[in-house]
Each structure stands twice: as structure tokens, then as C-alpha cells.
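Notes for the one structure printed next.
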Amino acid sequence: MIEDGTLGGYVAVHDRPPAFEGVDGAAYSAEIYVDDEPDTAGRYAAAILFVRWSPDGERPTGHVETPYLSFGATPAEASAEVQALT
């Protein structure tokens, strides 16, 4: 059984990105993204994209990105560390 206490586990269990209320009272969802191309060292980089939603939840109104949180030789390897975050 997959636990939903990590970012990747939540997506696996619920088949959608996690959503929550931010400190500003707005609705947010979180998604892992991995660069399409490797950097000059041949590594793919992964981060989290937080999307802010309109009060009615119908459209995004902004976003915030984390700095890169992990790197890997493949996109899957770079994503794995971020998926394990709680």
C-alpha cells in the first residue's frame, strides 16, 4: 500500500496534485517539475511549482517556484528525491 505522506505518494494515492490553503488564504496546488534538458554537467534538475488559484478555483492567478531541490542523471532520478519530500 502506498502512503500519501509524501508528495509522490499523495499523487499516487489520489491521482492529483496536493491542494491546500496558503498563509495568504488562497488555494494552492503543488506539482513537481523537471527541466526538459540536462544542465552543462549532464544533470536534470527538479523543483516544486506552487500554483495559486482564483477564489472560485477556476483559473490560476500566479505561481511560485522553489529553487532546484534535486539533480539526477535522468528526469526520473531527479524527480525521485522531490517525490519523497513530506
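Values below: every heavy atom of this structure, side chains too, minus hydrogens, waters and symmetry copies. Counting from 1, the numbers follow the sequence of the chain as shown.
A salt bridge (charged side-chain N to carboxylate O under 4.0 Å, His left out) check over residues 74-86, counting only residues at least two apart or in different chains, returns nothing. Identified under the salt bridge (charged side-chain N to carboxylate O under 4.0 Å, His left out) test for residues 46-64, with sequence neighbours left out: Asp24-Arg52, Asp56-Arg59. Here side-chain hydrogen bond (donor to acceptor under 3.5 Å, both in side chains) pairs that include residues 11-23, with residues two or more places apart or in two chains, are Asp4-His14, Tyr10-Arg16.
Note on ring orientation: taking the six-membered ring where Trp is involved, the planes of Phe20 and Tyr28 are parallel (angle under 30°, cut-offs 30° and 60°).
For the residue pair Pro67 and Ala47, the shortest heavy atom distance occurs at O-CB, 3.6 Å. Nearest approach of Ala84 to Thr6, heavy atoms of both residues: O-CG2, 3.5 Å. The heavy-atom pair separating Val51 from Pro60 by the smallest distance is CG1-CB, 3.6 Å. The shortest heavy-atom contact between Ala78 and Ala46 is O-CB, 3.4 Å.
Residues meeting the ring pair (Phe, Tyr, Trp, His ring centres under 6.0 Å) test with Tyr44, sequence neighbours left out: none. Residues forming a ring pair (Phe, Tyr, Trp, His ring centres under 6.0 Å) with Tyr68 (at least two apart in sequence, or on another chain): Phe71. For His63, the ring pair (Phe, Tyr, Trp, His ring centres under 6.0 Å) criterion is met by no residue, not counting sequence neighbours.
Following chains of ILVMFWY side-chain contacts shorter than 4.5 Å, one cannot reach Leu69 starting from Tyr33, and the two form parts of different hydrophobic clusters.
Defined by atom type and a distance below 3.5 Å, a donor-acceptor pair is missing between the side-chain atoms of Trp53 and Thr61.
With a 4.5 Å cut-off on side-chain heavy atoms, Leu85 and Ile48 count as touching. Counting only heavy atoms from C-beta outward, the side chains of Glu31 and Pro17 approach each other to under 4.5 Å.
The environment of Glu65 atom CD is dense: over 12 non-hydrogen atoms of other residues, nucleotides or ligands sit within 6.0 angstrom.
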